[in-house]
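What follows is one structure encoded as structure tokens, with my remarks underneath.
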Amino acid sequence: MGEALTEVRKGLPPWFWPAVFVLIWSSGYIVARYGMPHGPPMTFLSIRFGLSAACFFALLGFAAVVLKQSIKWPQGRAQWLHMAVVGLLMQAGYLGGVWAAVKAGIGAGLVALIVNFQPVLTALWVAKFEGGQVSRKQWLGLSVGFVGLILVMSRKFGAGGEATALNLGLSVLALLAMTTGALYQKRFVQPCDVRSASVVQMLAGLAVLGPLALFEAESMRWTLASGAWNTELIGAMAFFVLVLTLG
């Protein structure tokens, strides 16, 4: 089975998987708008993390029992801790910040622009503290993106604007958490099975956001006033678990 998948991958053009990644990644901000009106953010994410961890456990069990694969878990207590820290930053910090910002009224497009400023922060950090080299062409591209972000954000303030100190602060918190998590992972986390790593990260995120969800007064509205199932909420949850997390 593994050899067959490898042959399929070899037959695909080099841009295929990056394009799929960008499509899946960017779609999350849009789908968040469908699920957000029907439930509080910390509760939604806690359920998502729990379901995602359960799905990865099932995949690991299938791989170990049926496919006879050897599963590589983090090696040693330090690696478990490092993986948990990455989960706290990239799951609880990043996703929690994004969802809280959307709930606070910021548009999905604007929060996407803010958090996707991450490459600029990463380049600045690498160039300043790790002796990395960023080419002039890369700096030009990053600068153009930064100017575009400022132009877009400048139109969102004022009367009737969607940007407030609260939702912008939450968006920046998500940006910093994502950037720090990526740098931390690159520096401290050793190669590991992506499925087992995801289990650790999801459970770490659940450990942080789960208690916060208990303080949310709003409840998940799985059904509508008519008694019918809330397809927007259910569809958003299914998309986040099956497509964004597993996909």
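Excluded from the calculations below are hydrogen atoms, water molecules and symmetry mates; all remaining heavy atoms, backbone and side chain alike, are included.
A salt bridge links K103 to E218: at least one charged side-chain nitrogen sits closer than 4.0 Å to a carboxylate oxygen.
Counting only heavy atoms from C-beta outward, the side chains of F239 and L244 approach each other to under 4.5 Å. At a threshold of 4.5 Å between non-hydrogen side-chain atoms, the residues F188 and V85 do not count as touching. Between V20 and W17, the closest side-chain pair of non-hydrogen atoms falls below 4.5 Å. Inter-residue side-chain proximity for F16 and P13 is flagged as met; some heavy-atom pair is nearer than 4.5 Å. With a 4.5 Å cut-off on side-chain heavy atoms, F62 and L67 count as touching. Between T245 and M202 the shortest side-chain heavy-atom distance falls below 4.5 Å. Counting heavy atoms from C-beta on, the side chains of L51 and F240 never come closer than 4.5 Å. Taking the side chain as every heavy atom from C-beta outward, M220 and H38 never approach each other to under 4.5 Å.
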Worksheet item: Given the rule in the side chain to side chain contact (heavy atoms under 4.5 Å, CB included) test, do W73 and L60 qualify, once you have shown the distances and angles that lead to the verdict?
Response: CA-CA 11 Å; W73 289 87; L60 289 170; 3.6 Å; yes

Discussion item. Run the side chain to side chain contact (heavy atoms under 4.5 Å, CB included) test on M237 and W222 for me, step by step, so that the C-alpha distance in whole Å, both residues' side-chain angles and the decisive distance to 0.1 Å come before the verdict.
Written reply: CA-CA 11 Å; M237 181 66 72; W222 298 106; 4.0 Å; yes

Worksheet item: Going through the distances and angles, do I106 and L170 end up as a side chain to side chain contact (heavy atoms under 4.5 Å, CB included)?
Response: CA-CA 10 Å; I106 198 170; L170 291 169; over 6 Å; no

Worksheet entry | Full working for side chain to side chain contact (heavy atoms under 4.5 Å, CB included) between C192 and M83 | CA-CA 10 Å; C192 182; M83 194 68 72; 4.2 Å; yes

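Atom OG1 of residue T179 and atom CH2 of residue W125 lie 11.0 Å apart, to the nearest 0.5 angstrom. Here the straight-line distance linking atom CD of Q201 with atom OG of S196 works out to 10.0 Å at 0.5 Å rounding. Here CD1 of I47 is found 12.0 Å from CG of L209. Values are rounded to the nearest 0.5 Å. E216 contributes atom CD, which lies 4.0 Å from atom OG1 of T43 (distance to the nearest 0.5 angstrom). Atom SG of C55 is separated from atom CZ of R48 by 11.5 Å, given to the nearest 0.5 angstrom. Put simply, OG1 on T180 and CG on L175 are 8.5 Å apart, with the number rounded to the nearest 0.5 Å.
Side chain of D193 to backbone of I71: no donor-acceptor contact under 3.5 angstrom is found.
When the side chains of ILVMFWY residues are joined at heavy-atom separations under 4.5 Å, either directly or via intervening members, M178 and Y184 end up in a single hydrophobic cluster. Hydrophobic clustering keeps W99 apart from L166 (ILVMFWY residues linked when any side-chain heavy atoms are closer than 4.5 Å, directly or through intermediates). Taken together through direct or relayed side-chain contacts under 4.5 Å among Ile, Leu, Val, Met, Phe, Trp and Tyr, L173 and V98 form parts of separate hydrophobic clusters. Note: the hydrophobic cluster containing L224 does not contain I234 (ILVMFWY, side chain heavy atoms under 4.5 Å, direct or indirect links).
Of all heavy-atom pairs between G35 and L233, the closest is O-CD1, 3.9 Å. The nearest pair of heavy atoms linking P74 to V200 is CG-CG2, 4.4 Å. Considering all non-hydrogen atoms of both residues, P14 and P18 come closest at O-CD, 3.4 Å. Smallest separation of non-hydrogen atoms from V115 and A174: CG1-CB, 4.0 Å. What you find for P211 and L206 is that their closest heavy atoms are CD-O, 3.9 Å. Closest heavy-atom contact between I24 and S27: O-OG, 2.6 Å.
In this structure, Y34 places its OH atom where only 12 or fewer heavy-atom neighbours from other residues, nucleotides or ligands lie under 6.0 Å away. For CH2 of W229, the number of neighbouring non-hydrogen atoms (other residues, nucleotides, ligands) closer than 6.0 Å is 12 at most.
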